[in-house]
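The structure under discussion appears below in the form of structure tokens.
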There are 2 protein chains.
Amino acid sequence: MPAYHHPAPETFELSAVLRALADPARLDIVRHLERVGEANCATLIGTRPKSSMSHHFQVLRESGILHTRIEGVQHRNSLRRDELNTRFPGLLSAILQAS
Amino acid sequence: MPAYHHPAPETFELSAVLRALADPARLDIVRHLERVGEANCATLIGTRPKSSMSHHFQVLRESGILHTRIEGVQHRNSLRRDELNTRFPGLLSAILQAS
DNA sequence: TGCATTGTTCGAGTTTTATCGAACAATATG
DNA sequence: CATATTGTTCGATAAAACTCGAACAATGCA
């Protein structure tokens with residue numbers, strides 16, 4: 001399992017970030033990561049199948065919203081808070097703050 | 001031409017707002033309104049046909065992002081800054097601030 | 001080695017969204 | 001009233017995105 005590619009903050013695209021966060025399932029993922037800091041996919045799967053979740057994590061990763069660290073068989077995800085805040089100041093916190 | 005329906009701030013949905021702003025054409029509209037304050041559809045039409053623009057304005061209106069005032073034959077659009085800021089503090093300015 | 005766990009990838013089906021021309025409605029103006 | 005202006009609505013097409021099962025890959029452990 002090769003390591004993932006994570007885009008550099010300079011290449012984050014606002015449209016991609018907004019599109020990624022516009023999906024309720026992905027917004028749930030982001031909110032959960034905000035609370036727990038780091039989580040693997042399995043702990044975040046609710047009723048959805050693995051393949052759907054894997055897709056959502058991919059969208060979040062490729063837009064720059066989260067980072068995936070591989071540890072053994074688990075893929076641990078966490079928000080790229082600092083990098084997002086550097087590129088789009090205040091955006092993530094404004095979105096997380098919204099009820 | 002009946003007046004438009006503009007949703008109340010309490011009913012704004014974050015997903016809908018993000019989805020509306022995730023489209024580059026609509027983000028351009030929002031940025032333009034930010035600059036000029038108020039504009040009708042015609043002045044915002046670039047290369048796209050009227051029907052496409054009308055659709056984008058509808059999406060922006062129904063998500064709560066802009067208000068459309070009818071004056072004669074023109075439909076004047078402006079951002080609902082205060083209402084958006086009340087419902088989602090800091091969100092619009094964070095998005096407008098992003099390059 | 002055999003098996004369970006974790007997650008990706010593939011492919012197909014469904015839904016949503018965007019695009020745009022044509023026809024229409026409403027207002028203004030000559 | 002005739003015509004131009006502004007923008008919506010309709011309908012069809014195309015593109016994008018979501019969903020999910022099945023097969024696969026990689027690790028960990030007995």
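In what follows, every heavy atom counts, from backbone to side chain, and hydrogens, waters and symmetry copies are set aside. Each chain gets a letter, A, B and so on, in the order the sequences are listed, and its residues count up from 1. Since we're looking at a predicted model, the values are computed, not measured.
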**Request:** Kindly indicate whether the side chain of A:Ser54 and the base of C:dG7 share any N or O donor-acceptor pair separated by less than 3.5 Å?
**Result:** no
**Item:** Separation of C:dT9 P from A:Phe57 CZ (nearest whole Å)
**Value:** 14 Å
**Message:** My understanding is that only one of B:Arg80, B:Glu83, B:Arg61 makes a side chain to side chain contact (heavy atoms under 4.5 Å, CB included) with B:Pro7; could you say which?
**Reply:** B:Arg80
**Request:** Using whole Å, report how far CE of A:Met53 lies from P of D:dA17.
**Result:** 19 Å
**Item:** Between B:His75 and B:Tyr4: side-chain donor-acceptor atoms closer than 3.5 Å
**Value:** yes
**Complete:** Rounded to whole Å, the CD-P distance (A:Gln74 to C:dA4) equals 18 Å
**Complete:** A:Ser52 has its side chain closest, among C:dG7, C:dT19, D:dC20, to D:dC20
**Request:** Between C:dG7, D:dT19, C:dT17, spot the one nearest the side chain of A:Arg48, thanks.
**Result:** D:dT19
**Prompt:** Of the non-hydrogen atoms in A:Val30 and A:Ile65, which two are nearest, and what is the gap between them?
**Reply:** CG2-CG2, 4.0 Å
**Prompt:** Touch check for A:Arg61, heavy atoms < 4.0 angstrom, all strands: base, sugar-phosphate only, or nothing?
**Reply:** sugar-phosphate
**Request:** Without swapping roles, check the side chain of A:Arg26 against the backbone of A:His56 for a donor-acceptor pair under 3.5 Å.
**Result:** no
**Complete:** Heavy atoms of A:Leu27 and B:Ser15 approach each other most closely as CD2-OG, 4.4 Å
**Prompt:** Touch check for B:Arg76, heavy atoms < 4.0 angstrom, all strands: base, sugar-phosphate only, or nothing?
**Reply:** nothing
**Asked** Between D:dG7, C:dT19, C:dG21, which nucleotide gets closest to the side-chain atoms of B:His55?
**Response** C:dT19
**Message:** Can you measure B:His56 atom NE2 to D:dG7 atom C1' for me and round it to whole angstrom units?
**Reply:** 15 Å
**Fill in**
Assign each of A:Glu71 and A:Asp23 the nucleotide of DNA chain D bearing its closest heavy atom; nearer the 5' end lies the nucleotide of A:Asp23
**Request:** Return the nearest nucleotide to the side chain of B:Val59; candidates are D:dG21, D:dT6, C:dA18.
**Result:** C:dA18
**Request:** Give the nucleotide from the list D:dA22, D:dC18, C:dC20 with an atom nearest to the side chain of B:Ser51.
**Result:** C:dC20
**Complete:** Winner on side-chain proximity to A:Tyr4, out of C:dG7, D:dT6, D:dT19, is C:dG7
**Prompt:** In whole angstrom, what separates B:Arg19's CZ from D:dC18's C1'?
**Reply:** 12 Å
**Asked** To the nearest Å, how far apart are B:Gln58 CD and C:dT16 C1'?
**Response** 14 Å
**Message:** If I take atom NZ in residue B:Lys50 and atom P in nucleotide C:dA23, what distance separates them, rounded to the nearest angstrom?
**Reply:** 13 Å
**Request:** Measure from the side-chain heavy atoms of A:Val73 and tell me the nearest of D:dT8, C:dA18, D:dT27.
**Result:** D:dT27
**Separation of D:dT6 C1' from B:Arg69 CZ (nearest whole Å)** = 15 Å
